[in-house]
Amino acid sequence: AGGKGRPPHRGNGDRPMLTQTDRQQDDMIMGLPDIPDLTLSQREKLSKEISKERKDISKLMKQRQQIHIDAQNPGMAEKERVKLHEKIIGIDEKIEKKKQKYNKKYRSILTDEQYRIFEVNKSKIEFRGRPHGKIPNGNRPPFPHPEKEDKHNIHE
């Protein structure tokens, strides 16, 4: 034997499982884009809301991803698969509502000019623990949706 081979399985196999503390630290902002005349108070409020948005959307994206994985089960009845796709659509709607909610908060914190600059540069926000740790912005992987598929192929 000699002790060679794979280490014990820990999560998804390509990195150690994250603890709750690690996940919270991944939500910490390491760098905001330059926004002219940003006060300390605005910076604090903005940072807090950006972190909350990232956490909320990440949670929904994980749920969405798990449902998508479940829907890939080849033995699943088509009726069940359609129900799971409807759940995905529901999560997409929740994500969109969260984004709108946070955009309203950002608008209330920033001046119109600051908000415009923030919107353009939002994707450049850096988070701790991930290279290019962009805020989830709803650009989801191309998971199929029932309304975009050929409905004539559904057999019941």
Side-chain angles (χ1 to χ4, degrees), residues 7-73 76 79-149 151:
H9 184 65
R10 292 168 34 176
N12 63 7
D14 61 0
R15 63 183 171 151
M17 289 179 62
L18 295 174
T19 65
Q20 189 64 33
T21 305
D22 291 334
R23 280 191 214 102
Q24 286 171 346
Q25 288 177 344
D26 279 347
D27 294 334
M28 287 176 51
I29 297 171
M30 297 307 289
L32 274 178
D34 285 333
I35 300 172
D37 303 321
L38 193 67
T39 66
L40 183 59
S41 173
Q42 284 177 311
R43 180 177 290 278
E44 288 172 354
K45 289 175 186 173
L46 189 62
S47 296
K48 181 179 171 189
E49 293 304 326
I50 291 168
S51 292
K52 283 165 69 176
E53 178 184 17
R54 178 179 169 94
K55 186 175 162 187
D56 286 353
I57 302 234
S58 288
K59 186 175 167 186
L60 289 168
M61 291 298 287
K62 283 178 187 149
Q63 289 174 2
R64 184 184 195 284
Q65 186 176 19
Q66 186 57 54
I67 292 169
H68 177 70
I69 290 167
D70 293 347
Q72 300 304 305
N73 179 346
M76 180 178 287
K79 199 179 267 187
E80 289 302 310
R81 195 178 317 279
V82 169
K83 281 183 186 177
L84 290 178
H85 282 296
E86 288 170 358
K87 279 187 179 180
I88 288 173
I89 292 167
I91 290 174
D92 288 347
E93 289 168 359
K94 285 182 185 177
I95 289 170
E96 196 53 44
K97 284 180 183 172
K98 289 277 185 196
K99 285 169 47 181
Q100 290 172 7
K101 171 187 150 185
Y102 283 103
N103 280 335
K104 283 181 185 173
K105 288 185 178 187
Y106 302 141
R107 277 188 179 278
S108 72
I109 294 168
L110 302 169
T111 66
D112 288 346
E113 181 63 23
Q114 288 172 330
Y115 179 76
R116 280 193 290 277
I117 292 167
F118 171 73
E119 273 299 291
V120 170
N121 294 302
K122 189 175 178 184
S123 65
K124 296 176 186 168
I125 297 170
E126 296 171 16
F127 292 89
R128 179 179 173 172
R130 297 175 199 245
H132 313 296
K134 295 178 181 175
I135 193 163
N137 62 2
N139 291 341
R140 291 174 286 283
F143 295 149
H145 287 287
E147 77 271 10
K148 292 182 182 171
E149 294 173 358
K151 293 183 179 183

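When a residue number appears, it is its place in the shown sequence, counting from 1. None of these values were measured; they are calculated from a predicted model.
To the nearest 0.5 Å, atoms NZ (Lys94) and NZ (Lys59) are separated by 9.5 Å. Gln63 contributes atom CD, which lies 11.5 Å from atom CD1 of Ile88 (distance to the nearest 0.5 angstrom). Rounding to the nearest 0.5 Å places CG of Asn121 at 8.5 Å from CG of Asp34. For the atom pair Asp92 CG and His85 NE2, the distance stands at 11.5 Å (nearest 0.5 Å). Here the CD atom belonging to Gln65 is positioned 11.0 Å from the CG atom belonging to Asp70, to the nearest 0.5 angstrom. Rounding to the nearest 0.5 Å places NZ of Lys45 at 11.0 Å from CG of Leu40.
Side-chain contact check for Lys122 versus Asn103: some heavy-atom pair is nearer than 4.5 Å. Residues Leu46 and Ile35 are in side-chain contact: their nearest non-hydrogen atoms beyond the backbone lie under 4.5 Å apart. The side-chain heavy atoms of Asp56 and Tyr102, taken from C-beta on, include a pair separated by under 4.5 Å.
Every residue was checked against the salt bridge (charged side-chain N to carboxylate O under 4.0 Å, His left out) condition with Lys101, not counting sequence neighbours, and none meets it.
Glu49 pairs with exactly one of Lys99, Lys105, Arg54, Arg107 by the salt bridge (Lys or Arg N to Asp or Glu O under 4.0 Å) rule, that one being Lys105.
Closest of all the heavy-atom pairs between Lys98 and Leu60 is CG-CD1, 4.0 Å. The two atoms that bring Met76 and Leu84 nearest to each other are CE-CD1, 3.4 Å, heavy atoms only. Contact detail for Ile91 and Ile67: the closest heavy-atom pair is CD1-CD1, 3.5 Å. Here the closest non-hydrogen pair linking Leu110 and Gln42 is CA-NE2, 3.9 Å.
Using a distance-only test at 3.5 Å, with no hydrogens or angles considered, no donor-acceptor pair links the side chain of Arg43 to the main chain of Leu38.
For Glu86 and Lys83, the salt-bridge test fails: no basic side-chain N is under 4.0 Å from an acidic carboxylate O.
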